[in-house]
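Everything on this sheet refers to the single structure shown next.
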2 protein chains.
Amino acid sequence: MTSREGSASAPVAFSDHDHAACVEDTLAAAEEVCAERGLRLTPVRRKVLELLLQEHRALGAYAILDLLRDAGFGSQPPVAYRALDFLVKNGFVHKIERLNAFVACVHPGETHSPAFMICRKCDAVAEAQSTPLKGALGAAARSTGFQIERTVVEAEGLCPDCAEASGS
Amino acid sequence: MTSREGSASAPVAFSDHDHAACVEDTLAAAEEVCAERGLRLTPVRRKVLELLLQEHRALGAYAILDLLRDAGFGSQPPVAYRALDFLVKNGFVHKIERLNAFVACVHPGETHSPAFMICRKCDAVAEAQSTPLKGALGAAARSTGFQIERTVVEAEGLCPDCAEASGS
DNA sequence: CCCTCTATGTGATTTTATAACATTTCAGAG
DNA sequence: CTCTGAAATGTTATAAAATCACATAGAGGG
Ligand SMILES: [Zn+2]
Ligand SMILES: [Zn+2]
Ligand SMILES: [Zn+2]
Ligand SMILES: [Zn+2]
């Protein structure tokens with residue numbers, strides 16, 4: 001087996017919540033946004049988004065591909081990468097560069113600069129907002145004349161559960 | 001040819017400076033730090049650091065490997081990856097996650113949380129400091145109980161030169 | 001209906017990274 | 001100085017991640 005499948009042990013992102021509703025609502029919101037913008041949330045694309053929403057964690061493209069195959073879709077890499085491209089470009093999914101993996105956005109539709117907290121032990125990923133123009137990086141950009149177009153902000157460490165489990 | 005070689009057109013990182021001295025000084029500093037800490041800056045490791053210092057930009061592992069081969073070292077991937085592992089672990093080189101590439105540190109020896117500005121047009125990379133605990137991400141971490149151990153902060157955009165070149 | 005553009009399916013390939021094992025080098029012990 | 005064990009290097013092979021190229025299928029406009 002190439003990938004971790006199954007959502008049984010998937011940690012919710014640092015806090016309990018009604019996960020079924022969380023998936024439903026976000027999918028519905030995505031459909032609405034696509035309708036508004038004339039985007040086609042095709043079956044593969046919808047399925048990939050659904051898979052990423054079900055897990056509250058980052059999945060690699062090949063893990064997604066395995067799940068797509070199980071669901072009866074094509075099983076070659078471009079199938080997964082093309083769906084992911086669409087979802088990332090339109091803000092429904094973010095890529096976690098540190099992990100070469102993808103995670104569903106919790107604020108679909110709204111343009112925002114995400115920041116992520118990644119647990120090195122259980123792989124949970126939580127999305128927060130970053131404020132790229134404030135702080136040291138923004139200051140450095142202004143002083144050198146660098147024009148920021150996109151930012152990658154990823155913190156690696158221990159999530160609350162794993163920190164507690166591993167003492168202290 | 002697999003990679004961009006040659007430093008002729010390599011942009012200096014957003015500002016003119018005495019590059020020869022820049023390379024020399026940083027290499028000397030690295031040797032001193034290694035001596036202090038009992039680390040072995042072996043020929044391959046030193047060469048990789050030198051190559052990265054000469055280019056003020058990120059190089060992929062295979063580009064480095066090509067240059068190592070030219071310099072008479074082993075030409076199989078582990079040669080490059082092992083040297084890079086050493087240099088990254090000891091803070092002489094940083095990995096740019098967005099590019100799957102590596103860049104020499106401009107503050108070798110000192111522990112710090114780097115932030116990078118990456119020009120999407122000319123590939124120049126400039127290092128700045130980030131302040132992970134301040135700002136939105138730090139606040140999110142504190143409020144959820146996430147323990148940050150390491151951060152990846154990378155801004156993509158246009159460097160001053162390329163911004164000017166491409167109009168306004 | 002026909003044409004065109006977009007999306008999907010599939011095979012092959014490129015790029016990035018690691019595993020596994022043999023050989024060499026070197027610092028420190030005796 | 002010589003032995004010895006750990007660290008470093010060289011090399012083969014393989015895994016993992018991403019893209020290319022081209023054929024087929026669908027949706028929508030005329
Ligand atoms: Zn988001
Ligand atoms: Zn955790
Ligand atoms: Zn320089
Ligand atoms: Zn640095």
Side-chain angles (χ1 to χ4, degrees), chain A residues 1-5 31 34-35 37-49 51-52 58-90 92-103 123 152, chain B residues 1-5 31 34-49 52 58-90 92-103 123 152:
Chain A
M1 190 175 307
T2 357
S3 59
R4 338 176 191 110
E5 299 177 18
E31 292 203 314
C34 284
R37 301 185 191 165
L39 301 171
R40 293 169 57 189
L41 190 61
T42 60
V44 209
R45 293 169 174 174
R46 197 193 137 97
K47 186 67 185 178
V48 170
L49 180 55
L51 291 168
L52 285 172
L59 290 180
Y62 282 72
I64 291 168
L65 189 55
D66 285 346
L67 297 170
L68 282 179
R69 177 176 23 242
D70 295 349
F73 294 92
S75 59
Q76 301 303 314
V79 174
Y81 281 104
R82 285 194 289 232
L84 288 166
D85 280 350
F86 170 88
L87 294 168
V88 168
K89 189 180 314 179
N90 296 109
F92 300 119
V93 162
H94 300 294
K95 179 169 188 185
I96 308 293
E97 299 289 346
R98 186 75 219 286
L99 303 177
N100 294 324
F102 300 83
V103 70
D123 284 334
V152 173
Chain B
M1 191 177 305
T2 356
S3 57
R4 340 176 190 111
E5 299 177 16
E31 290 201 317
C34 284
E36 279 171 15
R37 300 186 191 165
L39 300 172
R40 296 169 58 189
L41 191 61
T42 61
V44 209
R45 293 168 177 176
R46 199 192 135 96
K47 185 68 185 176
V48 170
L49 180 54
L52 285 172
L59 291 180
Y62 283 73
I64 291 168
L65 188 55
D66 285 346
L67 297 170
L68 282 180
R69 176 176 24 240
D70 295 349
F73 294 90
S75 59
Q76 300 305 315
V79 174
Y81 280 105
R82 285 193 290 231
L84 288 166
D85 279 350
F86 170 88
L87 294 169
V88 168
K89 190 181 311 180
N90 296 110
F92 301 118
V93 163
H94 300 294
K95 179 169 188 185
I96 308 293
E97 299 289 347
R98 187 74 219 286
L99 304 177
N100 294 323
F102 301 83
V103 70
D123 283 334
V152 173

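In what follows, every chain begins at residue 1, and chains take the letters A, B, ... in the order their sequences are listed.
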- Rounded interatomic separation in angstrom, taking CG from D66(B) and C1' from dT15(C): 12 Å

- Between CG of L99(B) and P of dA17(C) the distance, given in whole Å, is 11 Å

- Could you state the CG-C1' distance from L65(B) to dT16(C), rounded to the nearest angstrom? 12 Å

- Please state how far atom CG in L41(A) lies from atom P in dT6(C), giving the value in whole angstrom units. 18 Å

- Item | Single hit among R40(A), R37(A), R45(A), R46(A) for salt bridge (Lys or Arg N to Asp or Glu O under 4.0 Å) with E31(A) | R46(A)

- Task: Between dC26(C), dA17(C), dA18(D), spot the one nearest the side chain of R40(B), thanks.
- Result: dC26(C)

- Assert: residue with more 5' nearest nucleotide on DNA chain D, out of P77(A) and P77(B), is P77(B)

- Any N100(B) side-chain N or O less than 4.0 Å from OP1/OP2 of dT15(C): no

- Choosing from dT8(C), dT9(D), dT12(D), which nucleotide comes nearest the side chain of T42(A)? dT8(C)

- Item | Separation of dT24(D) C1' from Q76(A) CD (nearest whole Å) | 15 Å

- Message: Taking any heavy-atom pair under 4.0 Å as a contact, classify R45(B): base, sugar-phosphate, or nothing.
- Response: sugar-phosphate

- Task: Give a yes/no verdict on base stacking between dT18(C) and Y81(B): centres under 5.5 Å, planes within less than 30° of parallel.
- Result: no

- Task: Give a yes or no on whether a donor-acceptor pair under 3.5 Å exists between the nucleobase atoms of dA18(D), that is its base, and the side chain of Y62(A).
- Result: yes

- side chain to side chain contact (heavy atoms under 4.5 Å, CB included) with C34(B): which of T42(B), N90(B), L41(B)? L41(B)

- Query: Is a salt bridge present between R82(A) and D85(A), judged by a nitrogen-to-oxygen distance below 4.0 Å?
  - Reply: no

- Answer with base, sugar-phosphate or nothing: what part of the nucleic acid does R82(A) contact at a heavy-atom distance below 4.0 Å? base

- Using whole Å, report how far CG of D85(A) lies from C1' of dA18(D). 10 Å

- Are K95(B) and dA17(C) close enough that a side-chain N or O sits under 4.0 Å from OP1 or OP2? yes

- Item | Spacing between L84(B) atom CG and dT16(C) atom C1', to the nearest angstrom | 12 Å

